[in-house]
Amino acid sequence: MHFNGFYSFFQLVCVLLRSIYTLDTHFSMQEKIIILDFGSQTTQLIGRRIRELSIYCEIVPYNKFPEGDDSVKGVILSGSPFSVYDENAFKVDLSRIRGKYPILGICYGAQYIAYTGGGKVEPAGSREYGRAHLAKLDTDNTLFKGITPGTQVWMSHGDTITAVPEGFRTIASTDKVAIAAYQIADERVWGVQFHPEVYHTEQGTQMIKNFVVDVCGCRQDWNAASFIETTVAQLKEQLGNDKVVLGLSGGVDSSVAAVLLNRAIGRNLTCIFVDHGMLRKDEFKNVLHDYECLGLNVIGVDASAKFFGELAGVTDPERKRKIIGKGFIDVFDEEAHKLHDVKWLAQGTIYPDCIESLSITGTVIKSHHNVGGLPEKMNLKLCEPLRLLFKDEVRRVGRELGMPEHLIGRHPFPGPGLAVRILGDITPEKVQVLQEADHIFIQGLRDWNLYDQVWQAGVILLPVQSVGVMGDERTYERAVALRAVTSTDAMTADWAHLPYEFLAKVSNDIINKVKGVNRVTYDISSKPPSTIEWE
Ligand code: XMP
């Protein structure tokens, strides 16, 4: 007993010392750019551009600058929906960062630096939105190294800087905007009125690179392999010999999180994969097999009977979601309690989930996860190893971890599964009809090499029957809708312009092979105003 007590104390001291040490080395290793988010819709894009340059960056609310973090190499101030002179405008004390770090202000960021320095910001005659050209450009300025005079930039602002404070030098203009970019003389501070992060700013990435590499001195060595190395080391430190449980969904994020954790803590990770009965055809069996091949310690739970029971007769989409969410938590909790001494719940939360879940004032505005509430219910600590990655980065990490392409390249699939693709009430028979039709469509996309060209695809079972004729017989059977979209982030989507020959083949196959379906339609609605799912 005594020995154990002493041993735990000794261990605790070691862990504390080790964590202090690794925090230090981690911070010094992981140099980063900080993006202060003033609420612009393009803030995430700034992050994307920097990550694409193999440089690590973090987006933080405008008032949450990480004071004392030595690994910060530079700061970017984002745009904002506010005017600098609005009463409610987001304000920060620039003296805390000016002079200490290189700074680049974008749109509102640039206006804010100029305005707080004593310059003038006024409403532009008309809102300036769209393409413009940097007619006059100081090509000797570091920010514009390699940039061609006349290059196209993207403007989106209601205000404009009409006078800069003393010591500011204008370094670019367009025909409408006299002060399109400036630098504070003898300081490493720049402001640009346009948006270099937006695709339509043709040499925007080069400008951002000039700032983060040439000015801030970032090394461009952040990649999937270095992420894995650092994260595995961190997870080992964080979790020690603790037991961790993780819910697998079959999707990319939870699968990559599991493999990463498995590399760090091996058998101390237990994964639970719940079949709610509304997965795709054979998905439970196939994905479970994939997980086992990856060496994961995984428990598959067939809880379909419970879910079908609870969903019987329910037609409201939100009620379906709630029942499935709660049912999932119950099953997961019950299984996890069969394990002993679990301390952590791991989740495959990714960066956009975190950013979308937090307003810039730090309050939760949208709970994004199907299993939100699970950590509280189970009284477990939360471990989210992918929380700083974008979706395509998660995929790259998965590839680097040696995961098979069919697991990494999978289309997104909603947590409630086919339940939100069966309009009206759900029965096992309807699920089976939909699974067969969906299988033909998805397999067809793969066979025709179209799968990777669409963001997401699936079939919807409609609550209508229509008259048909098969042989000499009149039929009165179900109709399905095929849905396939192109997208980059699921926020907006266009219907996929699939070849007619392909659609004809899939329609024929479904009607001939899926009993109970005699009509196939193709959904040609974009998001917005429609959504990707029908419910
Ligand atoms: P919508 O239909 O809103 O979908 O255009 C956008 C993306 O989110 C997925 N989706 C969900 N994912 N639980 C999830 O995990 C849900 O309840 C849910 N509803 C929609 C959808 O498949 C698409 O990728």
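As the structure lists them, so they are numbered: ligands from 1, and atoms in each ligand from 1.
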Under a 4.0 angstrom heavy-atom cut-off, which atoms of ligand 1 come close to [X]?
{"X": "K527", "result": "1 (P), 3 (O), 5 (O), 6 (C)"}
{"X": "T531", "result": "1 (P), 2 (O), 5 (O)"}
{"X": "G415", "result": "12 (N), 13 (N), 14 (C), 15 (O)"}

For A496 and Y522, the nearest pair of non-hydrogen atoms, with its separation, is O-OH, 2.6 Å
Judged on heavy-atom distance to atom 23 (C) of ligand 1, which of H411, Q456, E535, K320 sits nearest?
Q456
Has R48 got its NZ or CZ under 6.0 Å from the middle of the six-membered ring of Y351, at an angle within 45 degrees of the ring axis?
no
Does any N or O of ligand 1 fall below 3.5 Å from an N or O anywhere on W455, backbone included?
no
Purely on distance, is any nitrogen or oxygen of P416 under 3.5 Å from one on ligand 1?
no
More than 12 heavy atoms of other groups within 6.0 Å of Q41 CD
no
Backbone, side chain, both or neither: what part of A493 comes under 4.0 angstrom of ligand 1, heavy atoms only?
neither
If we check side chain to side chain donor-acceptor pair (under 3.5 Å) with K281, which of these qualifies: Q432, E436, Q435?
E436
Centroid separation W154 to Y199 less than 6.0 Å:
no
